[in-house]
Amino acid sequence: MASVPPANPILGVADVCDGQFVALAMVTEVGAGLATATGAVASSSWDRAVAMVTDLERERRPRWVVWSNETTQTLARAGVRVARCWDIAAVHRLLFGGWKAGADVAWARLHDMDVEGIPVDAPVNLFTHAEHDEAGGAPVGADGYLRPSWVSGGWGSTPERMAQWAQLAMEVVSLQQQRLAASEQPTRVAATARSESAAEVLCAELSVDGLPMDRAAAESIIARFAGPRPRTEAEADELRRRRDEQVLRHAPEAGPVDLRSPAQVKTMLARMGIDLPDTRAWRLRELQSTHPLVDALLEWRKAERIATTYGYAWLDEHLGDDGRLRGAWTGSDGAAGRMTASAGLHNMPADMRAAVVAEPGHVFVRADLGQIEPRVLAAVSGDPALARATLEDDMYAGVAHDLQVDRPTAKVAVLGAMYGQTTGHGARALRRLQAAFPVAMAYLDRADVAGQVSRDLRTYGGRLIPMGWTNVNEVTEREARARAAARGRYGRNALVQGAAAELFKVWAVTVRARGASLGAQIVLCLHDELLVHVAGEHSDAVAALLDQCLAEAAHRWAPDASVRFVADVSVVQVWSEAKS
DNA sequence: GATTTCACGTA
DNA sequence: CGTACGTGAAATCC
C-alpha cells in the first residue's frame, strides 16, 4: 500500500474525480471514503457523503468502485442511482467462479494465494477489539493476506479507515483489470465485467424498490386456495385439519396419516393399492382421475403450497405497507451466472401473478426473449447454419426445415443437445442435427467432454465455470460414469445458460440506462423476462425501447450480427394479463 | 440445532 | 436419468 494521505473532511468535485474510476467505501454513521488513482479522501458525515456522491455523479459520471452491491444498495436507499459501477465481488465471481467474493477472498485469489489459508478473526471481545485498533494501521498482514481484523472490523469505523479501504479497492481493481487483460478475449471479458457490475446495481435497486403487488388481490387469491386468514393458532389448526380431511376421507382405513410426510403418504397410497416409487406430483398426475384419493391429494398439495410458502405469512414478511414485495437480489448465482432472488420472487405460483398490479396511472411493459437459448448457442458457437435458422421468428420451424423433421421433433432434438438429454426417440434427429449444425454441436461436445474430465470452462462472456467437483464416494464404475455424464450435461448447460444470462443482463442494464429519463423502473427480472413499471403515458415509448435495447444489447454482447434475437413485448395492467 | 431429503414453484 | 434456483417441512445426523 502506498502511504495514505490524511483524511479530509470533504473536498470539491475536482479534487476527487481526476480519473474515470472512483472507489467508494461507505457506512451510514461515518460518511464515505473515496479514492482515485492519486489519493484518498473521506467525508465526515453521511449527509455530506451523499451530497459528494450526488455531485460527482451529476458532473462526472465516474465508474464507482464498490466492494459489493451492499454499498450500491445503501446508495439506492438514499435515492442515489449511479450509472456506472465496478463491482469487485461481481468481477471476482466472473474471474474465479464460485460464490464467496469478500474482500479477503478477492485479495487472496488476485495474489495467487490459497483461499483455504485465509486467516480468520478471533471471536470479538474487548481485548481483541483493543488489539485491532492498535494494529489497524495496515490492511495487509505479514503473511500477505488481508488482516482479518480489517475485513471483519467494518469498513468505516473511522474516516481514515474508510479512505484506506477505498484506496485498497483501487488497488484491487487494477489487479482485476490485469487479469481481464490477460484473458483470451480481453475486450469481451472487460465488457462483461462492466455489464455484470451494472447488473449488481440493478439488483441493488430491485432489492430496494420491490415489485408492485396489490395486497387485497393477493389475499383473495390466498383465500381461494387456503381459506380466510386465521386469526388464532386454533383457527389455523382447524383449517389445516379440514384440508387434511378432504384427502383422508378417501382413505378411511389408512388410519392417522400426516400428509406432509412423503413416507406416510407413500404408505397410505400403497394400502389403497397404488404403488409408486415416490409421491411426486408428476407421478400422481399420471394416475389422475383413476382414484379420488389421487385427485384429492393433488388439490391438497396445491393448497398446502399456497398456505405454507405463499400464504399470509409470506405477505406479512415480504410485502411492505407501500405495496411493494421485496426480496434480496443477486447478480449471479454460484453456477452459470443467472440472477437470483429470494422471497419467492422467482418461483411465485402463476396464480399469484394476478396480484402483481401496476400502481395507479402506471402500467407494466413486459417482454420476454423468444427461444433465447438456441439463439445464444448460434451466437457463441459461431455456427452459420444455426445463425440462419435464427432469422425466423420461430427458429424451431427453421431447424425443422433444415433437418427435414417436424417441429416438435426439431425442438426436442435441439433442447436435448443443449441439455444433454440422451434418452427418448431423438437419436435420428440428433444425427441430422450433427450433420446440419456441426459447429454448434462440436461446441456443445467440447463442453461435455470438458465437464466429464473435470476441466474448467469459460462462458462466452468469460465467466469461469469451475468443474473441480469434489468426488464423493464413487464406489462403483457405474457411479463414476454416471457422475462424469452428469458433469458433461452440466458443462453443456452452463455454457448455454450462462451465455444467455450474460446477454439478458446486458439487455436489462441497457433498459435501465435508456429508460431512466422516462422514469421506467425494472421491477422484475425472470431469466428471460423483464417487467418494467412506468407511467401509462410512456407505455408505447418503453415498449419500443425494449426492442431497441435488445438490438443494442445483442450488438454489444456479440457484435456478429448474423444471429437474430426476438422479444415478445406487451403492455398490461396486471402481470397475469400477459400471455406466455 | 444443524444438515439432508423430499417436494414443488419458476425459468 | 435435461439444468439452475429458493422455499418449507420432515427426516436424519450429530
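Here the structure is a predicted model, which is why all the values come from computation and not from measurement. Residue numbers begin at 1 in each chain, while the letters A, B, ... track the order of the sequences.
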S.K.: So if I take every side-chain heavy atom of A:Y490 and compare against C:dC1, C:dA4, C:dA11, which nucleotide ends up nearest?
M.R.: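 Looking only at side-chain atoms, A:Y490 lies closest to C:dA4.
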
S.K.: Could you work out which one of C:dA9, C:dG6, B:dA11 sits closest to the side chain of A:R353?
M.R.: B:dA11

S.K.: Nearest whole angstrom, please: distance from the C1' of C:dA4 to the CE of A:M418.
M.R.: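 A:M418 atom CE is separated from C:dA4 atom C1' by 14 Å.
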
S.K.: Where the side chain of A:T340 is defined as all heavy atoms beyond and including C-beta, which of C:dG2, C:dC5, C:dA10 is the nearest nucleotide?
M.R.: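 Looking only at heavy atoms from C-beta outward on A:T340, the closest nucleotide is C:dC5.
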
S.K.: Filter on salt bridge (charged side-chain N to carboxylate O under 4.0 Å, His left out), then keep only pairs touching residues 255-277 of chain A, sequence neighbours left out; what's left?
M.R.: A:D244-A:R260, A:D258-A:R260, A:R260-A:E304

S.K.: Check every strand shown and say whether A:A486 touches a base, only sugar-phosphate, or nothing at a heavy-atom separation below 4.0 Å.
M.R.: nothing

S.K.: I'd like to know if A:R338 reaches the base of B:dA11 with its side chain, counting only an N/O donor and acceptor under 3.5 Å.
M.R.: yes

S.K.: Rounded to whole Å, please give me the gap between CG in A:D368 and P in B:dA11.
M.R.: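 Rounding to the nearest Å, CG of A:D368 and P of B:dA11 are 9 Å apart.
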
S.K.: From the list C:dG2, C:dG6, B:dA7, which nucleotide is the closest neighbour of the side chain of A:D278?
M.R.: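 So the side chain of A:D278 is nearest to B:dA7.
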
S.K.: Just to be sure I understand the rule, does A:A336 reach a base, reach only the sugar-phosphate, or reach nothing, if contact means heavy atoms closer than 4.0 Å?
M.R.: nothing

S.K.: With respect to the side chain of A:D528, which nucleotide from B:dA11, C:dT7, B:dC8 is positioned closest?
M.R.: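 When the side chain of A:D528 is considered, B:dA11 is the closest of B:dA11, C:dT7, B:dC8.
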
S.K.: Please classify the nucleic acid contact of A:A343 as base, sugar-phosphate, or nothing, using heavy-atom distances under 4.0 Å.
M.R.: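 Sugar-phosphate contact only - A:A343 comes under 4.0 Å of backbone atoms but never of a base.
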
S.K.: Check this for me: does any side-chain nitrogen of one of A:R492 and A:D445 sit under 4.0 Å from a carboxylate oxygen of the other?
M.R.: yes

S.K.: Tell me which nucleotide among C:dC5, C:dA10, B:dG9 gets nearest to the side chain of A:S261.
M.R.: C:dA10

S.K.: Would A:D316 and A:R229 pass as an ion pair if we require N to O under 4.0 Å?
M.R.: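 Yes.
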
S.K.: Starting from C1' on B:dA7, measure out to CZ on A:R285 and report it in whole angstrom.
M.R.: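 Answer to the nearest Å: 12 Å.
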
S.K.: What integer distance in Å separates A:F504:CZ from B:dT10:C1'?
M.R.: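 Roughly 13 Å, once rounded to whole Å.
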
S.K.: Does anything in residues 308-324 of chain A come within less than 4.0 Å of DNA chain C? Heavy atoms only, and list the residues if so.
M.R.: A:T308, A:T309

S.K.: Within the 4.0 Å heavy-atom criterion, would you say A:A341 contacts the bases, only the backbone, or no part of the nucleic acid?
M.R.: sugar-phosphate

S.K.: Find the distance between CG (A:L495) and CG (A:L444) and round it off to the nearest 0.5 Å.
M.R.: 8.0 Å

S.K.: Atom CG of A:D244 to atom C1' of C:dA9: distance rounded to whole Å?
M.R.: 13 Å

S.K.: Which one, B:dA7, B:dA11, C:dT3, comes nearest to the side chain of A:P262?
M.R.: B:dA7

S.K.: In plain terms, say whether A:R366 and A:D368 are close enough for a salt bridge, that is, a side-chain N and a carboxylate O under 4.0 Å apart.
M.R.: yes

S.K.: At under 4.0 Å, does any side-chain N or O of A:R280 touch on OP1 or OP2 of B:dA7?
M.R.: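 Yes, because at least one side-chain N or O of A:R280 sits under 4.0 Å from OP1 or OP2 of B:dA7.
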
S.K.: Just to confirm, is there a sub-4.0 Å distance from OP1 or OP2 of C:dG2 to any side-chain nitrogen or oxygen of A:R492?
M.R.: no

S.K.: Can A:R280 and A:D278 be counted as an ion pair, charged N to O under 4.0 angstrom?
M.R.: yes

S.K.: Measuring from A:L377:CG to A:M418:CE, what's the distance to the nearest 0.5 Å?
M.R.: 6.5 Å

S.K.: State plainly whether the residues A:R564 and A:D393 are in salt-bridge range, i.e. N to O under 4.0 Å.
M.R.: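 The answer is yes: the pair qualifies as a salt bridge.
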
S.K.: Does A:R305 make a side-chain N or O approach to OP1 or OP2 of B:dG9 shorter than 4.0 Å?
M.R.: no

S.K.: Report the nucleotide, chosen from C:dA4, C:dA9, B:dC8, that has the shortest atom-to-atom distance to any side-chain atom of A:D333.
M.R.: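 When the side chain of A:D333 is considered, C:dA4 is the closest of C:dA4, C:dA9, B:dC8.
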
S.K.: What is the distance, rounded to the nearest whole Å, between atom CG of A:L284 and atom P of B:dC8?
M.R.: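 Going from A:L284 (CG) to B:dC8 (P), I get 7 Å.
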
S.K.: Testing A:T72, A:T330, A:N69 for side-chain hydrogen bond (donor to acceptor under 3.5 Å, both in side chains) with A:E200, which one passes?
M.R.: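 Exactly one candidate clears the test, A:N69.
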
S.K.: Rounded to whole angstrom units, what separation is found between the CE atom of A:M348 and the C1' atom of C:dG6?
M.R.: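 Spelled out: CE on A:M348 to C1' on C:dG6 is 12 Å.
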
S.K.: Just the rounded figure in Å: distance from P of C:dT3 to CZ of A:R487.
M.R.: 13 Å

S.K.: For the side chain of A:N347, starting at C-beta, report the closest nucleotide among C:dA10, B:dG9, B:dC8.
M.R.: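 Comparing C:dA10, B:dG9, B:dC8 against the side chain of A:N347, the answer is B:dG9.
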
